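Here the structure is a predicted model, which is why all the values come from computation and not from measurement. Numbers here simply count residues along the sequence, with the first being 1.
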Amino acid sequence: MISVAKKMPWYATALLGLSLTTLAQSSRDTTTPTHTAPIPMTVDARISAALHQVSAERIQANIEKLVSFGTRSTISAQDAAAIASGRGVGAAREWIKSEFERYSKDCDGCLEVKTDSFLEPAADRIPLPSEITNVYAVLKGSDPENAKRIVLVTGHYDSRNSDILDTKSDAPGANDDGSGTAVSLECARVLSKLKFPATIIFLTVAGEEQGLNGSSHFAKMAKDQGWNIEAILNNDIVGGDRSAEQDHSVVRVFSEGLPAAATEQDIRRIRGLGGENDSASRQLARYIAAVGRSYDIGVKPMLIFRLDRYLRGGDHYSFNQQGFAAVRFTEYREDFHHQHQNVRTGNGVEYGDLARFVDFEYVAQVARLNAATLASLAAAPAPPANVHLLAKDLENDSTLTWEASPGGFATGYEILWRATYSPEWEHVEKVGNVTHTTLKLSKDNVIFAVRAVDGHGHWSLPIVPLPER
């Protein structure tokens, strides 16, 4: 049973679509090119070359540096003396900021390094009002219109031990979440050497262990300021813990079903259309799966159609709550001896989130998957707008309409569809540079989506249509 689950994202979906393919070909013009799942993504040589620059050695050095701050508890000391001594969350924050600044210097100032600081009131896990600071770097898009579009990668740089209020004992946080922080840093270092039409933000947040405080503040700020964030990639516990049961060939990608920000009216519509498996976050997860199939990365995305691990949460949820598409990357099997534990040995078991339990090459592979996804999205045209499926008349044909992709980079559009029970898109129809098309397929039997494509084969995220009566 376990071996089947591990293969779920890329198992033979073609088998699921055989009957649908036969039906479609018998009722439509078979001279039009059609592909069956998995749908191939055009490999961008520039992106592929950048992935080879991701360094496991640099990732190791960054994680070990984060561990060297002793504790990165959000409520640990961050005054000038603590920062000077190199211990605590403040010292870690200043080092992360200096790394982003160093990367920016290497690319002639291409990164805008910023902080988002706020005072978090006292709460269950915060005994006194505490300053929390998110640190991030912005690689602004090269095209004025498309630069308004944002894709974002994040990890949390705070850590904890057994007692969430203990700020004195060491809390190394190598895997949770030095690994995710290292992914954001390495993506910034590598991708800052390139230019993309859209904007990429490389984010590190604090306050995750105290209650998703940093990400909640950042996500609300982005929403209030009207940022057009198309995708958020949250990396939390991607260290590939060196336990015997670990599977280093996969990384789990969690995505919400019913959107957290959905209204009651939205939920009724989603249920009526059978769209519980088609949130924007699910489309992002499927996009990541396509990236993982197409690029030489070394690790495969394992799509988990669930918000997060069972009854648990992470920073991507803060973005989901504000209506953004966001997913979480996490290693296949967590070792709970090495999470949220004081460093110690008991009954022959080593406890604590130490760097020696991290597989740095695995983190590098996860960083490549993140970088390839960020770059593919930032290079692609914007998704089409106002996608609709006409439902004015009872008919077996399906007519879709949409508005042209804003920004002027799209050279054509593609219609995707899959069986209602299939996890990933199975079929694609190229329809040219138009804003409507009719397929001889029944809307009763499949799920449709529309995506924009540019002249180099870059895909936008797919948009599932709303009904138009």
Colleague: Would you say the side-chain atoms of Ser281 and Ser255 include a donor-acceptor pair closer than 3.5 Å?
Modeller: no
Colleague: Can you confirm whether His156 sits close enough to Asp236 that some side-chain heavy atom of one is under 4.5 Å from a side-chain heavy atom of the other?
Modeller: yes
Colleague: Is the number of heavy atoms from other residues, nucleotides or ligands under 6.0 Å of Glu245 CD greater than 12?
Modeller: yes
Colleague: Among residues two or more places apart or on two chains, list those pairs meeting salt bridge (charged side-chain N to carboxylate O under 4.0 Å, His left out) that have a residue in residues 196-222.
Modeller: Lys220-Asp224
Colleague: Measure from the ring center of Phe100 to the ring center of Tyr136 and say whether it is less than 6.0 Å.
Modeller: no
Colleague: Indicate the ring-plane relationship of Trp417 and His427, choosing parallel, tilted or perpendicular according to the 30° and 60° boundaries.
Modeller: parallel
Colleague: How far does CG of Asn146 sit from CZ of Phe409, to the nearest 0.5 angstrom?
Modeller: 5.0 Å
Colleague: Counting only heavy atoms not in Asp397 (residues, nucleotides, ligands), do more than 12 fall under 6.0 Å from its CG?
Modeller: yes
Colleague: Below 4.5 Å, heavy atoms only, C-beta onward: do Arg93 and Tyr157 meet side chain to side chain?
Modeller: yes
Colleague: Would you kindly say whether Asp124 and Gln210 are connected by a side-chain donor-acceptor distance under 3.5 Å?
Modeller: no
Colleague: Between Glu120 and Asn213, is there a side-chain donor-acceptor contact under 3.5 Å, judged purely by atom types and distance?
Modeller: yes
Colleague: Within the 4.5 Å heavy-atom criterion, are Leu466 and Val387 side-chain neighbours or not?
Modeller: no
Colleague: Check whether the side chains of His340 and Asp353 place a donor and an acceptor atom closer than 3.5 Å, and report yes or no.
Modeller: no
Colleague: Taking atom types as modelled, is there a side-chain donor on Thr263 or Asp266 under 3.5 Å from an acceptor on the other?
Modeller: yes
Colleague: Between the side chains of Asp116 and His217, does any donor sit under 3.5 Å from an acceptor?
Modeller: yes
Colleague: Answer yes when Arg293 and Glu424 have at least one side-chain N-carboxylate O distance shorter than 4.0 Å, and no when they do not.
Modeller: yes
Colleague: Which residue is it: Asp359, Val358, Ile63? I am looking for the one with a side chain to side chain contact (heavy atoms under 4.5 Å, CB included) to Asn175.
Modeller: Val358
Colleague: So, Arg451 and Ser460: side-chain donor and acceptor under 3.5 Å apart, yes or no?
Modeller: no
Colleague: Tell me, do Thr154 and Leu233 make a side-chain contact under 4.5 Å, heavy atoms counted?
Modeller: no
Colleague: Any heavy-atom pair between the side chains of Ser398 and Thr438 that's under 4.5 Å?
Modeller: no
Colleague: Testing the 3.5 Å rule here: is there a donor-acceptor pair between the side chains of His338 and Asp241?
Modeller: yes
Colleague: Hey, could you give me each pair passing side chain to side chain donor-acceptor pair (under 3.5 Å) that has a residue in residues 375-395? Not counting sequence neighbours.
Modeller: Asn386-Glu403
Colleague: Do Met41 and Val43 have side chains that get closer than 4.5 Å, going by heavy atoms?
Modeller: no
Colleague: Please say which of Leu185, Asn134, Val113 ends up in a side chain to side chain contact (heavy atoms under 4.5 Å, CB included) with Ile96.
Modeller: Leu185
Colleague: Determine which pairs satisfy salt bridge (charged side-chain N to carboxylate O under 4.0 Å, His left out) with at least one residue from residues 250-265, sequence neighbours left out, and list them in order.
Modeller: Arg252-Glu334
Colleague: Judged by modelled atom types alone, do Asp177 and Asn235 share a side-chain donor-acceptor pair under 3.5 Å?
Modeller: no
Colleague: So, taking the atom named NE2 in His456 and the one named CD1 in Ile47, what distance separates them when rounded to the nearest 0.5 Å?
Modeller: 11.0 Å
Colleague: Does the distance from a Lys or Arg side-chain N to an Asp or Glu carboxylate O, for Asp278 and Arg286, drop under 4.0 Å?
Modeller: yes
Colleague: Answer with yes or no after comparing the ring centroid distance for Phe448 and Trp425 against a 6.0 Å cut-off, counting only values under it.
Modeller: no
Colleague: Is any NZ, NE, NH1 or NH2 atom of the basic residue among Arg72 and Asp158 found under 4.0 Å from an Asp or Glu carboxylate oxygen of the other?
Modeller: no
Colleague: Has Arg312 got its NZ or CZ under 6.0 Å from the middle of the six-membered ring of Phe254, at an angle within 45 degrees of the ring axis?
Modeller: no
Colleague: Hey, could you give me the OH/CD1 distance between Tyr362 and Ile59, rounded to the nearest 0.5 Å?
Modeller: 12.0 Å
Colleague: How about Thr133 and Phe118: do any of their side-chain heavy atoms sit closer than 4.5 Å?
Modeller: no
Colleague: Please indicate whether Asp296 has more than 12 foreign heavy atoms, meaning atoms of other residues, nucleotides or ligands, lying under 6.0 Å from its CG.
Modeller: no
Colleague: Apply the side-chain hydrogen bond (donor to acceptor under 3.5 Å, both in side chains) test between Arg328 and each candidate in Asp308, Asn320, Asn234; give the one that qualifies.
Modeller: Asp308
Colleague: Find the distance between CG (Asp335) and CD (Gln341) and round it off to the nearest 0.5 Å.
Modeller: 9.5 Å
